[in-house]
Amino acid sequence: MRSLRSFVLALLVSVSFTAVFTPAAGADPASGPVASTEGTNVTFTGGGGLTLRGSVIAAAAPHSTAPGIVLVGGAGPGPRTEYLAEARAFAAAGITTLIYDKRTTGYSRTHRDLSLLADDALAAVETLRHTPGVRADRVGLWALSEGGWVAPLVAVRSGDVAFLVTLGAPGFTPLRTQTWSLAETLRHHGDTGPLAGTVAGPAARLIGETGAFPAAGFDPRPALRGVRVPVLALWGDHDVQVPPAESASVLQNTLTGCPSVTIRFLTGAAHNGRSTTDGFDRLGAAAGPGAPKGAFAPGYLDAMTTWVNQVANDAAPVSSAQPPPSQALSSVDPGRDWWTSAWVQSIVLATVLVVFLGYLLVSSMNRRPRPARRSARLLALCGLLSLVATVVYVESILAADARTVGPVVAGRPLVWLMLQGLAILTAVLLAGTATTAVRGRTGVAAVPRAGLGVLLAAGCAWLTWAITWGLFSIR
């Protein structure tokens with residue numbers, strides 16, 4: 001498998017992995033470095049012995065035994081200033097808050113260790129629990145997006161976590177969550193064709209099972225089943241980065257051991273709790289004329305702070321769940337069929353690539369090819385271009401958060417239409433070359449029979465792959 005995996009990764013080497021996971025919340029435009037007058041800088045030892053830096057923010061006149069909360073950020077480098085607005089809101093409500101800079105050691109675009117991130121968050125909890133003025137048995141977690149995979153791990157590992165608040169928590173694996181988000185983005189761009197299915201299906205399996213997508217198959221449900229503390233789970237009703245209705249259903253059906261589970265949907269909110277009109281203008285001033293850019297959706301901060309104070313006062317609300325918002329697209333499991341596995345796809349892709357390229361190199365030695373040989377050479381060229389261009393384009397959509405989609409024409413990305421056209425041309429050449437060989441027209445005898453047979457066999461393998469990847473789909 002090592003050589004096959006190397007082949008697949010080589011195809012993707014030109015792709016920039018700029019947004020593998022659901023992106024983290026955007027930084028508060030008005031926030032800068034944490035001022036010493038509102039925060040106390042702290043250091044603590046995270047997972048693997050790494051030193052992490054953070055700030056403890058408390059109310060101007062903190063209670064002698066205030067509850068505490070540690071903020072666990074979403075995907076990305078996540079400096080603590082990204083969550084300063086939430087920290088200020090918690091502090092203003094009498095809840096001492098710790099925000100910390102996310103690790104960069106052992107965390108990158110192509111490597112994610114959610115267990116290690118959980119160790120970091122647990123160390124932050126212990127730091128806050130031993131902070132003067134904080135009630136040690138009333139320290140909990142707030143987690144955004146990727147943090148929704150991390151925080152339950154912390155709650156299961158430690159009995160010192162008193163409660164859990166999530167915003168935009170995914171209910172599925174990182175890979176399934178990302179492909180749903182990409183499908184939403186493609187729909188937003190105007191795509192109504194089969195490309196989303198290709199991205200979420202065979203392409204997702206290829207990139208996931210070859211290890212190019214970090215933590216692709218992490219299942220959050222085992223950790224969720226082990227949570228035994230009150231939980232407040234929030235989603236924006238315009239969340240386009242995790243499927244809100246489906247994720248809420250997963251959490252509601254999985255958090256069965258919790259004393260209280262409150263599920264709420266924020267009206268007019270994006271994935272990160274900011275006001276929005278459609279989920280994509282998540283940092284836009286959608287709250288009305290004159291509203292500051294990046295304003296939080298109405299009721300978001302109050303819902304969190306009120307709930308935390310209730311739990312801290314041993315008055316956790318009775319479990320409740322709001323009706324979910326309509327979700328236009330359902331998430332898709334990449335599948336488990338053997339013919340779309342990374343093993344099979346890698347074998348097919350490697351075989352087709354080697355045969356098509358080899359045939360072009362060998363046939364190029366004949367400077368005066370006969371008509372049959374020219375047709376076969378054109379088949380190899382078009383098939384090779386079709387394979388490489390399609391894999392690179394589709395996988396770049398996965399890796400670059402659909403920023404490589406390009407212009408959309410008649411409900412299809414223009415690049416995808418061109419790839420479909422190239423696939424049709426390749427299929428025509430395959431049929432023509434096969435027909436010529438069977439009929440034994442003039443010139444066929446000059447073509448090495450074995451070479452032509454191998455080329456046609458590779459062409460059939462290419463055709464199967466192209467059908468699987470939706471290159472001949474019209475809807």
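Residue numbers count from 1 along this sequence.
- In terms of modelled atom types and a separation under 3.5 Å, the side chain of Gln241 and the main chain of His271 share no donor-acceptor contact.
- Other residues, nucleotides and ligands place no more than 12 heavy atoms under 6.0 Å from the CZ atom of Arg221.
- Between Asp191 and Arg412 there is no salt bridge, since none of the side-chain N atoms of the basic residue sits less than 4.0 Å from a carboxylate O of the acidic one.
- Among residue pairs with one or both ends in residues 390-418, none qualify as ring-ring contact (aromatic ring centres under 6.0 Å, His included); sequence neighbours excluded.
- Legend: ring-ring contact (aromatic ring centres under 6.0 Å, His included) pairs involving residues 166-191, not counting sequence neighbours, sorted by first then second residue: His188-Phe280.
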Taking it one step at a time, do Glu82 and Lys102 satisfy salt bridge (charged side-chain N to carboxylate O under 4.0 Å, His left out)? CA-CA 11 Å; Glu82 285 196 7; Lys102 195 170 187 175; over 6 Å; no
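- Looking at Val261 and Leu251, their side chains never come closer than 4.5 Å, going by heavy atoms from C-beta outward.
- Under a 3.5 Å cut-off, the side chain of Arg205 and the backbone N or O of Asp337 do form a donor-acceptor pair.
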Contacts table for residues 151-169: side-chain donor-acceptor under 3.5 angstrom, sequence neighbours left out:
residue, atom, partner, partner atom, Å
Arg157, NH1, Ser115, O, 3.2
Arg157, NH1, Asp119, OD1, 2.6
Arg157, NH2, Ser115, OG, 2.5
Ser158, OG, Asp160, N, 3.0

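- Distance alone, capped at 3.5 Å, places no donor-acceptor pair between the Asp219 side chain and the Thr173 backbone.
- For the atom pair Arg138 CZ and Ile69 CD1, the distance stands at 13.5 Å (nearest 0.5 Å).
- In this model, no donor atom of one side chain and acceptor atom of the other lie less than 3.5 Å apart for Tyr100 and Arg53.
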